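Here's the structure we're looking at; comments come further down.
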Amino acid sequence: MIGCLTFICGAFFQAWRLARPMARVDLHAHTNVSDGTLTPAELVNLAAKSGLTALAITDHDHVGALAAARAHAIDKGIEIVPGIELSVEEEGFELHLLGYLFDERDERLLATLDHLRVSRQGRAARIVERLQEMGLDITLEDVSKEVGAAAGQEASIGRPHIARALMAKGLVASVTEAFDIYLANGKPAVVAKEKLTAEQALALVHAAGGVAVLAHPVTIPEAHRETMVRRLAALGLDGLEVVHSKHGPIEREALAALADELGLIKTGGSDFHGANKPDVLLGTGRGGNVEVGPETLGALKKRKTERAR
Ligand code: AMP
Ligand code: FE
Ligand code: FE
Ligand code: ZN
């Protein structure tokens, strides 16, 4: 009798658990304040439509989308998590570090971001010059048309804006083609971007009260990946982005094991960029390969609190 009741209760619980929509968050998304194509308000609307309970906006070198997104999210029950994506050069490799839960008004952080954005503008001008030297009819004004703005501040200009300008002028068919022919690393129009060292980026995020996560570790060549993660962990990294639209199952397994061994928080996000990466969807990634629950955000918050002690 008791066994039968336990079975029935268990079956009911299982059915309830499966029927209940799983709370989902996305901890990696871009607006047109950097190289996404949606405005902060449009991104929040999409997050609401996608049923997200929390969204970290992680624009490259810019926190200008956060206030606008938060104001727009107020009646939608979506938590907007402070985020940033910083480019780092370490041992000759480019890495991306995600900062979370920092003080958005931190002066040192804001001054560094301003500096990086000015530097990005000079670099964009040099890339455009290279394209012109290659005979392409494109100007910096064409590129500026592709760049969004946040609260009167210039957006963080990057190669995707140049790619979109090339597309708008009919010089390439897609953003991907622009990268493949001209803009990807190693292609003829590329100019290096100013980057922080890992130590600088980690110190900046931590001093602003935040936590730092290595974004899409698979962009580090496999032969160097584990060594690099260990190095960053020794420097104070808090988490590893195990789940990402670019990561396959074998890579996730290896990264999760490494994170567990090193005491790093296993995080995830889609890396949504709107029409610049049309196959990557907010909250669900590529073909549904991203699923992140609110407990991941909880783990980051816990780490932040521990750091503050
Ligand atoms: P940047 O910050 O100017 O160096 O541009 C890097 C950004 O370009 C990345 O964050 C991606 O969003 C995007 N990106 C890099 N490679 C590609 C690619 N092959 N196709 C489309 N977007 C890319
Ligand atoms: Fe990007
Ligand atoms: Fe990135
Ligand atoms: Zn990103």
Side-chain angles (χ1 to χ4, degrees), residues 26-38 43 55-63 65 81 83-90 93-100 113 116-128 130-131 140 143 146-148 154-167 172-196 198 201 212-220 240-241 243-247 267-283 285-286 290 292:
D26 196 331
L27 298 177
H28 193 161
H30 297 264
T31 72
N32 70 349
V33 164
S34 68
D35 58 2
T37 56
L38 299 188
L43 183 66
L55 170 69
I57 299 184
T58 53
D59 278 315
H60 301 279
D61 303 335
H62 215 315
V63 293
V81 179
I84 187 82
E85 186 167 8
L86 297 167
S87 301
V88 159
E89 186 164 330
E90 196 68 12
F93 297 105
E94 176 169 346
L95 323 172
H96 290 179
L97 276 186
L98 294 162
Y100 292 113
L113 299 183
L116 291 170
R117 289 200 302 272
V118 170
S119 170
R120 276 176 173 276
Q121 281 165 2
R123 173 217 192 204
R126 292 206 297 283
I127 294 178
V128 168
R130 289 209 177 175
L131 292 168
L140 205 49
V143 177
E146 304 298 329
V147 181
E154 275 283 320
S156 192
I157 188 168
R159 285 177 284 171
H161 299 106
I162 302 171
R164 292 193 75 77
L166 289 170
M167 199 167 79
V172 293
S174 65
V175 168
T176 307
E177 190 180 306
F179 270 92
D180 288 349
I181 305 177
Y182 304 110
L183 297 170
N185 293 342
K187 299 294 172 182
V190 155
V191 173
K193 171 175 64 190
E194 184 173 343
K195 299 178 211 71
L196 304 172
V213 170
L214 178 65
H216 44 68
V218 302
T219 53
I220 303 167
L240 207 54
E241 195 178 44
V243 173
H244 183 277
S245 46
K246 266 186 190 164
H247 293 184
T267 77
S270 65
D271 207 356
F272 177 78
H273 280 74
N276 279 339
K277 291 185 184 168
D279 56 334
V280 174
L281 304 185
L282 187 69
R286 187 175 279 142
V290 168
V292 183

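No experiment lies behind these values; they were computed from the predicted model shown. Both ligands and their constituent atoms are indexed starting at 1 by order of listing.
Contacts with ligand 1 closer than 4.0 Å are made by no heavy atom of H30, backbone or side chain. Residue contacts with ligand 1 for H273 involve side-chain atoms from C-beta outward but no N, CA, C or O (heavy atoms, distance under 4.0 Å). By the criterion of a heavy-atom distance under 4.0 Å, neither the backbone nor the side chain of E94 is placed next to ligand 1.
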> Yes or no on side-chain contact (heavy atoms from CB on, under 4.5 Å) for I84 and L113, after CA distance, side-chain angles and deciding distance?
Replying inline: CA-CA 10 Å; I84 187 82; L113 299 183; 3.7 Å; yes

> Is there a side-chain contact (heavy atoms from CB on, under 4.5 Å) between V280 and H273 once you walk through the steps?
Replying inline: CA-CA 8 Å; V280 174; H273 280 74; over 6 Å; no

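With values rounded to the nearest 0.5 angstrom, H244 atom NE2 is found 5.0 Å from H216 atom NE2. Once rounded to the nearest 0.5 Å, the distance linking CG of L183 with CG of L166 reads 6.0 Å.
E85 contributes OE2 as its N, O or S atom closest to the Fe ion (ligand 3). Among heteroatoms of the N, O or S kind in H96, ND1 lies nearest the Fe ion (ligand 3).
Ligand-side atoms of ligand 1 in range of K277: 11 (C), 12 (O), 22 (N), range being under 4.0 angstrom from any heavy atom.
Within the structure, the closest approach of A184 to ligand 1 does not fall below 4.0 Å when heavy atoms are considered. Contact analysis puts R123 in contact with ligand 1, with a non-hydrogen atom separation below 4.0 angstrom.
With distances taken over non-hydrogen atoms, the option nearest atom 6 (C) of ligand 1 out of H60, K187, R159, H216 is R159.
Looking from atom 2 (O) of ligand 1 to the surrounding protein, the closest heavy atom is K193 NZ, 3.0 Å.
The Zn ion (ligand 4) has no N, O or S atom of H96 closer than 2.8 Å. Counting backbone and side-chain atoms alike, H30 contributes an N/O/S atom closer than 2.8 Å to the Zn ion (ligand 4).
Partner D61 forms a side-chain contact (heavy atoms from CB on, under 4.5 Å) with one of S119, S156, S34 and no other, that one being S156.
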